[in-house]
Enquirer: 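The following block contains the structure, expressed as structure tokens.
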Amino acid sequence: MTELIVNNITIKQIGLTESHLVVGLFNQYRMFYRQFSDIGMAKAFIDERLQHNESVIFVAIDLDTEKPAGFTQLYPKFSSAKLSKNWILNDLYVDEVYRKQGIGEKLIKTAMEFAKANGSTFVQLETAVDNYTAQHLYENIGFVKQANDEDFFLYKIVLNS
């Protein structure tokens, strides 16, 4: 598992036995996006992703307090045509107490290093149109806002509401 220590914050990849480190942060992340709080469901969701190797999660831990400060979760994205596996940075959350300290940037860069080390050619993400703080961070790191793809259209159908 990957581990990086900077300014008394350690960033490491977690496995199923360490899911408890991110469950509270994941619940807060969901509430940030106007979802209801449910620690049990948050734990079940995280545990299932890790148990089935469906995601990769990095957590930032404050070494002074041993408290989780933030996390990011990546999901694989496969392309049959390009025969490649890339990553979607789906979740990024830093506890309010730890914001404006560069932890989000460190989490993203750790995720990028992981993806690159595993042969990926890109990491993609989405954020809310009104999340200007996140947009600024992503653009400062080097993410480029994408226009509509010239070769493909994205379609979506709601199956359960």
Enquirer: A side-chain contact here means heavy atoms from C-beta on lying under 4.5 Å apart; do V23 and I39 qualify?
Expert: yes

Enquirer: Taking the side chain as everything from C-beta on, heavy atoms only, tell me whether D62 gets closer than 4.5 Å to E66.
Expert: no

Enquirer: Compare all side-chain heavy atoms of Q124 with those of K77 and state whether any distance is below 4.5 angstrom.
Expert: yes

Enquirer: Are any side-chain N or O atoms of R99 and backbone N or O atoms of V94, one a donor and one an acceptor, separated by less than 3.5 Å?
Expert: yes

Enquirer: Would you check if V59 and K12 make a side-chain contact, meaning some heavy-atom pair closer than 4.5 Å?
Expert: yes

Enquirer: Is the shortest side-chain heavy-atom distance between N131 and Y138 below 4.5 Å?
Expert: no

Enquirer: According to a hydrophobic-cluster definition based on side-chain heavy atoms being under 4.5 Å apart (Ile, Leu, Val, Met, Phe, Trp, Tyr only), do I9 and V97 belong together?
Expert: yes

Enquirer: If you measure from OH on Y33 to CG on D91, what distance do you get to the nearest 0.5 Å?
Expert: 9.0 Å

Enquirer: Measuring centre to centre across the rings, with the benzene-like ring taken for any Trp, is F45 within less than 6.0 Å of F26?
Expert: yes

Enquirer: For H136, look at atom NE2 and say whether over 12 heavy atoms of other residues, nucleotides or ligands are found less than 6.0 Å away.
Expert: no

Enquirer: Among residues at least two apart in sequence or on other chains, which ones pass side-chain contact (heavy atoms from CB on, under 4.5 Å) with K145?
Expert: Q135, E139

Enquirer: Using the side-chain contact (heavy atoms from CB on, under 4.5 Å) criterion, which residues pair with N118? Sequence neighbours excluded.
Expert: F114

Enquirer: Just by modelled atom types, is the A42 backbone N or O under 3.5 Å from a matching donor or acceptor in the R30 side chain?
Expert: no

Enquirer: Return yes if some donor-acceptor pair links the side-chain N/O of N27 with the main-chain N/O of D38 below 3.5 Å, else return no.
Expert: yes

Enquirer: Whether the side chain of Q73 engages the backbone of F71 through a donor-acceptor N/O pair (distance < 3.5 Å, no angle test) should be reported.
Expert: no

Enquirer: Consider only side-chain heavy atoms of I, L, V, M, F, W and Y, link residues closer than 4.5 Å, and tell whether L125 and V129 are in one cluster.
Expert: no

Enquirer: Flag the pair E18 / L21 as yes when at least one side-chain heavy-atom distance between them is below 4.5 Å, and no otherwise.
Expert: yes

Enquirer: I'd like to know if F122 and L92 are part of one continuous hydrophobic network [Ile/Leu/Val/Met/Phe/Trp/Tyr, side-chain heavy atoms within less than 4.5 Å].
Expert: no

Enquirer: Going from CG on L63 to CG on N8, what distance comes out if it is rounded to the nearest 0.5 angstrom?
Expert: 5.0 Å

Enquirer: Strictly below 4.0 Å, N to O, side chains only: are K109 and E105 in salt-bridge contact?
Expert: yes

Enquirer: Indicate yes or no: at least one non-hydrogen side-chain atom of K67 is less than 4.5 angstrom from one of D95.
Expert: yes

Enquirer: Could you tell me which residues satisfy side-chain contact (heavy atoms from CB on, under 4.5 Å) with S120, sequence neighbours excluded, listed by chain and number?
Expert: N86, W87, A115

Enquirer: Does a donor on one side chain sit under 3.5 Å from an acceptor on the other, for N90 and Y75?
Expert: no

Enquirer: If you measure from CG on L50 to OG on S55, what distance do you get to the nearest 0.5 Å?
Expert: 5.0 Å

Enquirer: Would a 4.5 Å heavy-atom cut-off, applied to side chains only, mark I57 and Q13 as touching?
Expert: no

Enquirer: Take atom OH of Y132 as the centre, draw a 6.0 Å sphere, and report whether it contains more than 12 heavy atoms from other residues, nucleotides or ligands.
Expert: no

Enquirer: Given L89, which partner from the list L107, T72, T127 fulfils the side chain to side chain contact (heavy atoms under 4.5 Å, CB included) test?
Expert: T72

